[in-house]
Participant: 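I am attaching a structure below and will ask some questions about it afterwards.
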4 protein chains.
Amino acid sequence: MSVTSSPNDRTLTTRGKDRRDALMAFATTQFAEKGFHPTAVSEIVDGVGVGKGVFYWYFSSKDELLLNILRDALRDLRRNQNRAIRGADDPIQCLELGIRSTLTWSIEHPEVIRLVMFAWTEEQFAKDMRRGRRIVISDTARHISRAMDAGLIEQGDARVMATAVRGVSDELARQFAISGDLLDDSVIETAVRFCLRGVVGDSTRTPT
Amino acid sequence: MSVTSSPNDRTLTTRGKDRRDALMAFATTQFAEKGFHPTAVSEIVDGVGVGKGVFYWYFSSKDELLLNILRDALRDLRRNQNRAIRGADDPIQCLELGIRSTLTWSIEHPEVIRLVMFAWTEEQFAKDMRRGRRIVISDTARHISRAMDAGLIEQGDARVMATAVRGVSDELARQFAISGDLLDDSVIETAVRFCLRGVVGDSTRTPT
Amino acid sequence: MSVTSSPNDRTLTTRGKDRRDALMAFATTQFAEKGFHPTAVSEIVDGVGVGKGVFYWYFSSKDELLLNILRDALRDLRRNQNRAIRGADDPIQCLELGIRSTLTWSIEHPEVIRLVMFAWTEEQFAKDMRRGRRIVISDTARHISRAMDAGLIEQGDARVMATAVRGVSDELARQFAISGDLLDDSVIETAVRFCLRGVVGDSTRTPT
Amino acid sequence: MSVTSSPNDRTLTTRGKDRRDALMAFATTQFAEKGFHPTAVSEIVDGVGVGKGVFYWYFSSKDELLLNILRDALRDLRRNQNRAIRGADDPIQCLELGIRSTLTWSIEHPEVIRLVMFAWTEEQFAKDMRRGRRIVISDTARHISRAMDAGLIEQGDARVMATAVRGVSDELARQFAISGDLLDDSVIETAVRFCLRGVVGDSTRTPT
DNA sequence: AATGAATGAGACTTCATTCAT
DNA sequence: TATGAATGAAGTCTCATTCAT
């Protein structure tokens, strides 16, 4: 591997991996706290205690760093969802488990929620956001479609519903985490119930 | 009155009001298109065809301009909602009309949706956002509470539900307007229905 | 008198004279307090309660305003000196009275001292300062020369001595007025004595 | 160490020190020539042939630069005085040597004299000036007090006299250096003599 | 691998001055 | 005469990025 390979396709040593992770972690909190633009690269490297050169060794630019953070987050969210629905078979149950895991994850990662909001506002990042959203919506829509096909719920626009579900998760994460409000399990239950009712159309089902 | 009076408490002539509006309108589109930070004040004044000084005659800073845009937007949204539910009495109907008007407004103002997303990411704006959200949520929660009190829907956390409703509107505005996807009336219907089901808990009610 | 005559050769009505004086007085305190450049024309007109147009009706520029203040001050200082030595005939006595009046005047006009200091630092004003100093030094040097010619003091460079005398006055005004220190008559006496000794060369003379 | 360490506590390389000195030297001449405010930072960096960023690497602001110049000058002046009176023991002789060295230094640094004059006119610098003056006056007053205690001169206000002495030096530096007039050794002799007479009170002493 | 000095375009903002009203 | 909206050059300062060491 050549020393002058670009930051993206560099094979990292363990120490390298740690450094990279530290930079990403610190940047994430700073970006979330102060915003992307108000956070200078120098603050990030200072916070981690390395020189500026290190930063540009691991990331080709500040933009690229944000993109990496965002991609990692999406990967982590989906991994969580997949883990949550593993074993379940009933589409409605899959839906519920998915919603619950998304909600939990979002609430546990308020910084990411902020970063995502920001990313939507500048085209160089929005492109990635669109792709990410398509994936997330598809994941949810798949369960809804399956439920429709199985006759469990009436026919309808699965993607619109999936979008609505996604909106509820994000909004609650924002309201209760970002806004600084308290948040307990009952809120999650209310939200999950709200979504299931919205999709399924009756309130007889009780969440597990 | 005085020359050094701050831009905020300046009495404007008709022409002045127009100039100010033009600046806000142009800035809104630019901020939405390129992002807040990437849009330079010089681009805004160039776009409107005035000197850089006028900008600071009307707004004390670029930040202040965004805040003004955001406040105006909130005022307009609420005015729309109030107009929509005027005459209606049944809380559920008020809720429905409110949701529909919010959804419509959000879809008609995708730029504002972007600006709001950005505003949440930097503390100097987020403060205002929190206040705005509190207001909007209260507006919706009021209807839900009334419905609960009237026994029309089962008891529950009205604010959480209002938040969920708000999330659906925002998300759809983003998904279908910002993301560039198409959006037609059937989508709005699906969304309204989703929200009502989520709140009311059964699908027997059909939206108008 | 044409309406478009330049500000300098305009004949002023009583009200006009008052306005002009008010502007100069207010500007003097502001310039002394905050400095020339940090004081904006808008602050001056606001402070006096007039529009910007008025300012440029009376003064062709901010620089011109300062120049006017400075010239007025010099005129006032010399008028004071002349009044003080009126009637005296002995050159040494004239010198003493002149020193005392200069000292008193300087201490009573600390703002002017500041303005003069500033004026020396920018060429467009320094030119005037050089002229003014030449005049003031000549006034003092004249007495010293007369004393030399009369054999009252030994021959020497009268201008250098006059300069030294001037330096003592200015410095004391700065030290005790600008620096905020207290200043009483005994200080003035010490200073006058210092100067007389410096010029005359013996301490037998006692100041009045 | 850290990249965002403030320019004040940065350890400089030899090249860095040189650059910093070059910036200060060039700024000093420009400030003295055109004035502080009329001299733009861009002129300074252009004059030295560096990018605008280096300026802010070495100085946190234009104000800070002036303060640094002023402090260095004071340090240099005092170093010169201490060197001049080294070995002397007689307080009157110390006084004389001190006056002579101050006068010489002031005349050799007319730019600094201008900068100091300016500095007195704006509060953010005046604070430093007051402190500096206190120090310089004390240095001189110490010798005068010692002379009084030793009965070499009559009792009196040593600080006022020291101030007067200081005034003579400054004024001469201004008159003969800044004003563009000629200045030779005889002027210095006249001035030294003037001061000694002023303090000591008789003309029998002849300066060395 | 790492550092941090250096770059310089460009950001936001101020303000002396003009001029239509 | 008087006002204050408008101008726009110029000012100070920031910061992503590069590169010699």
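Values below: every heavy atom of this structure, side chains too, minus hydrogens, waters and symmetry copies. Numbers restart at 1 for each chain; the letters A, B, ... are given by sequence-line order, proteins then strands.
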Participant: Quick one: does D:F36's side chain get under 4.5 Å of D:D63's, heavy atoms only?
Facilitator: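 The answer is yes, as the side chains (C-beta and beyond) meet within the 4.5 Å cut-off.
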Participant: Could you tell me how far E:dA1 sits from F:dT21 if I compare only their C1' atoms? Round to whole Å.
Facilitator: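 Comparing C1' positions in F:dT21 and E:dA1 gives a spacing of 13 Å.
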Participant: To the nearest Å, how far apart are D:K34 NZ and F:dA10 C1'?
Facilitator: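 Nearest whole value for this atom pair: 11 Å.
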Participant: Nearest whole Å is fine: how far is E:dT13 C1' from B:Y58 OH?
Facilitator: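 So the OH-C1' distance, B:Y58 to E:dT13, works out to 18 Å.
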Participant: When rounded to the nearest 0.5 angstrom, what is the spacing between CZ in D:R114 and CD in C:E122?
Facilitator: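 The CZ atom of D:R114 sits 9.5 Å away from the CD atom of C:E122.
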Participant: Over all strands shown, is B:V45 touching base, sugar-phosphate only, or nothing at heavy-atom distances under 4.0 angstrom?
Facilitator: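 No contact.
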Participant: Does any non-hydrogen side-chain atom of A:L66 lie less than 4.5 Å from one of A:L70?
Facilitator: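 A:L70 reaches A:L66 side chain to side chain.
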Participant: Looking at E:dA6, I'd like to know if its phosphate oxygens (OP1 or OP2) sit under 4.0 Å from a side-chain N or O belonging to D:R15.
Facilitator: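 Answer yes for this pair, as a side-chain N or O of D:R15 is under 4.0 Å from OP1 or OP2.
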Participant: Any idea how B:F118 and B:F125 line up, ring-wise: parallel (<30°), tilted (30 to 60°), or perpendicular (>60°)?
Facilitator: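 B:F118 vs B:F125 ring planes: tilted.
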Participant: Can you pull every protein N or O that's under 3.5 Å from an N or O on nucleotides 15-17 of chain E?
Facilitator:
unit_1, atom_1, unit_2, atom_2, d
E:dA16, OP1, C:K62, NZ, 3.0
E:dA16, OP2, C:V41, N, 2.7
E:dT17, OP2, C:Y56, OH, 3.0
E:dT17, OP2, C:K62, N, 3.0
E:dT17, O4, C:K52, NZ, 3.0

Participant: How long is the line joining CZ of D:F59 and P of F:dT12, in whole Å?
Facilitator: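 From D:F59 CZ to F:dT12 P: 14 Å.
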Participant: Closest nucleotide of DNA chain E for D:G49 versus for A:G49: which of these residues is on the 5' side?
Facilitator: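 Mapping each residue to its closest nucleotide by heavy atoms, the 5'-most match is A:G49.
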Participant: Report the distance from atom CD1 of D:I44 to atom C1' of F:dG11, rounded to the nearest whole Å.
Facilitator: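 To the nearest whole Å, that distance equals 12 Å.
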Participant: Which of these, A:W57, A:F59, A:Y58, sits in a ring-ring contact (aromatic ring centres under 6.0 Å, His included) with A:F55?
Facilitator: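 Answer to the ring-ring contact (aromatic ring centres under 6.0 Å, His included) test with A:F55 among A:W57, A:F59, A:Y58: A:F59.
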Participant: Side-chain contact test, heavy atoms from C-beta onward, threshold under 4.5 Å: evaluate it for A:N68 versus A:R20 and give yes or no.
Facilitator: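 Counting from C-beta outward, A:N68 and A:R20 do come under 4.5 Å.
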Participant: Rounded to whole angstrom units, what separation is found between the CG atom of A:L23 and the P atom of E:dA2?
Facilitator: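 That distance rounds to 11 Å.
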Participant: Using 4.0 Å as the upper bound for N to carboxylate O, is an ion pair formed by D:R15 and D:D18?
Facilitator: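 Here D:D18 does not pair with D:R15 in a salt bridge, since their nearest N and O are not under 4.0 Å apart.
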Participant: Report the distance from atom NZ of B:K17 to atom P of F:dG4, rounded to the nearest whole Å.
Facilitator: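 Whole-Å distance recorded here is 20 Å.
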Participant: side-chain contact (heavy atoms from CB on, under 4.5 Å), that's the test. Do B:M129 and B:V116 meet it? Break it down for me.
Facilitator: CA-CA 8 Å; B:M129 292 300 100; B:V116 168; 3.9 Å; yes
Participant: Can you tell me the distance, in whole Å, between the CG atom of D:D46 and the P atom of E:dT7?
Facilitator: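 Spelled out: CG on D:D46 to P on E:dT7 is 12 Å.
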Participant: Check whether any side-chain nitrogen or oxygen of A:R19 sits under 4.0 Å from OP1 or OP2 of E:dA2, and answer yes or no.
Facilitator: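 For A:R19, the contact criterion (side-chain N or O under 4.0 Å from OP1 or OP2 of E:dA2) is met.
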Participant: A:L67 has an atom CG; how far is it from atom C1' of F:dA16, in whole Å?
Facilitator: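 In whole Å, F:dA16 C1' lies 16 Å from A:L67 CG.
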Participant: Give the dot-bracket string for DNA chain F, reading 5' to 3', where a pair is Watson-Crick or G-U wobble with both distances under 3.5 Å, ( ) marks pairs inside the strand, [ ] marks pairs crossing earlier ones, | marks a partner on another strand, and . marks unpaired.
Facilitator: .||||||||||||||||||||
Participant: Would you call C:D128 and C:R131 a salt bridge, using N to O less than 4.0 angstrom?
Facilitator: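 Salt bridge between C:D128 and C:R131, a charged N being under 4.0 Å from a carboxylate O: yes.
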Participant: Measure from the side-chain heavy atoms of D:V54 and tell me the nearest of F:dT7, F:dA2, E:dA6.
Facilitator: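 Nearest listed nucleotide: E:dA6.
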